[in-house]
A.B. asks: 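Starting off with a structure, shown below.
Worth saying up front: this structure is predicted, and the values here are computed from it rather than measured.
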Amino acid sequence: QVQLVESGGGLVQAGGSLRLSCVASGSGLKMVEMGWFRQAPGKQRELVAIVRYDGNIQYSESVRGRFTFSTDNANNAAYLEMNDLKSEDTAVYYCNAVIVCPSCWPRQDNYWGRGTQVTVSL
C-alpha cells in the first residue's frame with residue numbers, strides 16, 4: 001500500500017522560510033509525477049508546483065521566484081522550499097503523486113497526503 005506523508009509545516013512570520021517534505025512509502029515504486037497543492041480556508045485546492053513525467057517543473061504564478069520544488073527519486077521524496085512567505089501563503093499544503101506500484105491494484109494511481117498546515121503571520 002502506498003502512503004504519502006508530509007512534514008515541515010508550521011507557524012512562521014511574514015518574510016520567513018519553511019521547507020516541506022513528502023515521502024512516499026512502499027516497495028518498488030516509480031514516481032510518474034509529484035506535486036504540491038494547497039488549500040486556504042474557504043478556497044479551492046490549487047496547484048503550487050508540480051514536476052511532470054518529462055522532468056519539467058511548473059510553478060503557480062503566485063509562488064514563482066519564492067518557492068523551489070525538488071525531488072529525490074532514489075528516496076521517493078519531494079521537497080518544497082518556501083522563502084519570503086506571505087500571509088496569503090497560509091494554507092494546508094498537500095503532497096500529490098502519480099505512482100506506479102507493481103504490487104498494487106491499480107498499478108498506477110493518484111495519491112494524496114493528509115496535508116501539513118502552513119501559517120504565515122504578519
Side-chain angles (χ1 to χ4, degrees):
Q1 187 173 358
V2 177
Q3 285 188 329
L4 295 180
V5 179
E6 305 102 331
S7 61
L11 173 64
V12 64
Q13 287 188 330
S17 299
L18 283 174
R19 185 175 189 248
L20 304 183
S21 300
C22 171
V23 179
S25 62
S27 300
L29 304 181
K30 178 183 177 182
M31 319 304 286
V32 179
E33 292 185 351
M34 291 191 80
W36 289 95
F37 290 73
R38 68 186 182 186
Q39 187 166 18
K43 295 188 177 181
Q44 289 188 332
R45 192 172 297 189
E46 64 174 1
L47 173 69
V48 176
I50 190 167
V51 57
R52 303 292 186 182
Y53 67 94
D54 59 2
N56 287 326
I57 299 177
Q58 175 186 343
Y59 293 95
S60 71
E61 285 300 320
S62 62
V63 307
R64 189 186 305 275
R66 300 187 297 121
F67 290 12
T68 302
F69 180 45
S70 61
T71 58
D72 177 355
N73 293 330
N75 293 300
N76 296 327
Y79 307 96
L80 188 68
E81 185 75 34
M82 305 185 295
N83 298 313
D84 189 23
L85 282 161
K86 306 176 187 298
S87 58
E88 52 263 41
D89 295 318
T90 295
V92 178
Y93 284 70
Y94 296 91
C95 181
N96 172 260
V98 176
I99 300 173
V100 173
C101 170
S103 61
C104 302
W105 183 259
R107 292 185 71 248
Q108 178 169 315
D109 208 349
N110 188 39
Y111 295 89
W112 290 91
R114 291 187 174 186
T116 184
Q117 177 70 47
V118 171
T119 302
V120 183
S121 64
L122 295 173

A.B. asks: Would Arg38 pass as a cation-pi partner of Tyr94, given that its NZ or CZ must be under 6.0 Å from the six-membered ring centre and within 45 degrees of the axis?
C.D. replies: no

A.B. asks: So which heavy atom on Met31 is nearest to which on Ala97, and how close?
C.D. replies: CE-CB, 4.0 Å

A.B. asks: Could you report the tightest heavy-atom contact between Phe69 and Ala78, atom names first, then the distance?
C.D. replies: CE1-CB, 3.7 Å

A.B. asks: Measure from the side-chain N and O atoms of Tyr93 to the backbone N and O of Leu80, and report whether any donor-acceptor pair falls under 3.5 Å.
C.D. replies: no

A.B. asks: Is Asn56 close to Gln58 at the side-chain level, that is, under 4.5 Å between some pair of heavy atoms?
C.D. replies: no

A.B. asks: Looking at side-chain heavy atoms only, is the closest gap between Tyr59 and Thr68 below 4.5 Å?
C.D. replies: yes

A.B. asks: For Arg114, does its backbone N or O pair with a side-chain atom of Glu6 as donor and acceptor, under 3.5 Å?
C.D. replies: yes

A.B. asks: Evaluate the side-chain proximity of Val2 to Cys104: yes if any heavy-atom separation is below 4.5 Å, no if none is.
C.D. replies: yes

A.B. asks: Would you say Tyr79 ends up clustered with Val63 if hydrophobic residues are merged whenever their side chains have heavy atoms under 4.5 Å apart, either directly or through other cluster members?
C.D. replies: no

A.B. asks: Mind checking the OG1-CD spacing from Thr71 to Glu33? Nearest 0.5 Å is all I need.
C.D. replies: 12.0 Å

A.B. asks: Walk me through whether Ser60 and Leu47 qualify under side-chain contact (heavy atoms from CB on, under 4.5 Å).
C.D. replies: CA-CA 7 Å; Ser60 71; Leu47 173 69; 5.5 Å; no

A.B. asks: Got a second to check how far Cys22's SG is from Asp72's CG, nearest 0.5 Å?
C.D. replies: 12.0 Å

A.B. asks: Does one hydrophobic cluster hold both Phe37 and Leu20, with members joined at side-chain heavy-atom distances below 4.5 Å?
C.D. replies: no

A.B. asks: When rounded to the nearest 0.5 angstrom, what distance separates CG in Leu18 from CG in Asn83?
C.D. replies: 9.5 Å

A.B. asks: Donor-acceptor check, side chain of Gln3 to backbone of Ser25, threshold 3.5 angstrom: yes or no?
C.D. replies: no

A.B. asks: Quick check: does any side chain N or O of Arg19 sit under 3.5 Å from a backbone N or O of Glu81, one acting as donor and the other as acceptor?
C.D. replies: no

A.B. asks: Give, for atom CG of Leu29 and atom SG of Cys101, the distance between the pair rounded to the nearest 0.5 Å.
C.D. replies: 5.5 Å

A.B. asks: Is the backbone of Val120 close enough, under 3.5 Å, to the side chain of Thr90 for a donor and an acceptor to pair up by distance?
C.D. replies: yes

A.B. asks: Between Tyr111 and Met34, is any pair of side-chain heavy atoms under 4.5 Å apart?
C.D. replies: no

A.B. asks: Look at the side chain of Asn75 and the backbone N and O of Ala77, then say whether any donor-acceptor pair between them is shorter than 3.5 Å.
C.D. replies: no

A.B. asks: Quick one, Lys30 and Ile99 - any side-chain contact, counting heavy atoms below 4.5 Å?
C.D. replies: no

A.B. asks: Given 3.5 Å as the limit, does a donor-acceptor pair link the side chain of Gln13 with the main chain of Ser121, or not?
C.D. replies: no

A.B. asks: Given 3.5 Å as the limit, does a donor-acceptor pair link the side chain of Asp89 with the main chain of Lys86, or not?
C.D. replies: yes

A.B. asks: Might you confirm whether atom CD of Gln44 has over 12 heavy atoms from other residues, nucleotides or ligands at distances under 6.0 Å?
C.D. replies: no

A.B. asks: Would Trp36 and Phe67 count as a ring pair (Phe, Tyr, Trp, His ring centres under 6.0 Å) if you check the C-alpha gap in whole Å, the side-chain angles of each, and the deciding distance to 0.1 Å?
C.D. replies: CA-CA 11 Å; Trp36 289 95; Phe67 290 12; over 10 Å; no

A.B. asks: Distance from Leu4 atom CG to Cys95 atom SG, nearest 0.5 Å?
C.D. replies: 4.5 Å

A.B. asks: If you take all heavy atoms of Gly28 and Pro102, which pair is closest and at what distance?
C.D. replies: O-CD, 3.1 Å

A.B. asks: Has the side chain of Asn96 got a donor or acceptor atom that lies under 3.5 Å from a matching backbone atom of Asn110?
C.D. replies: no

A.B. asks: Is there a side-chain contact between Val92 and Thr116, using heavy atoms and a 4.5 Å cut-off?
C.D. replies: no

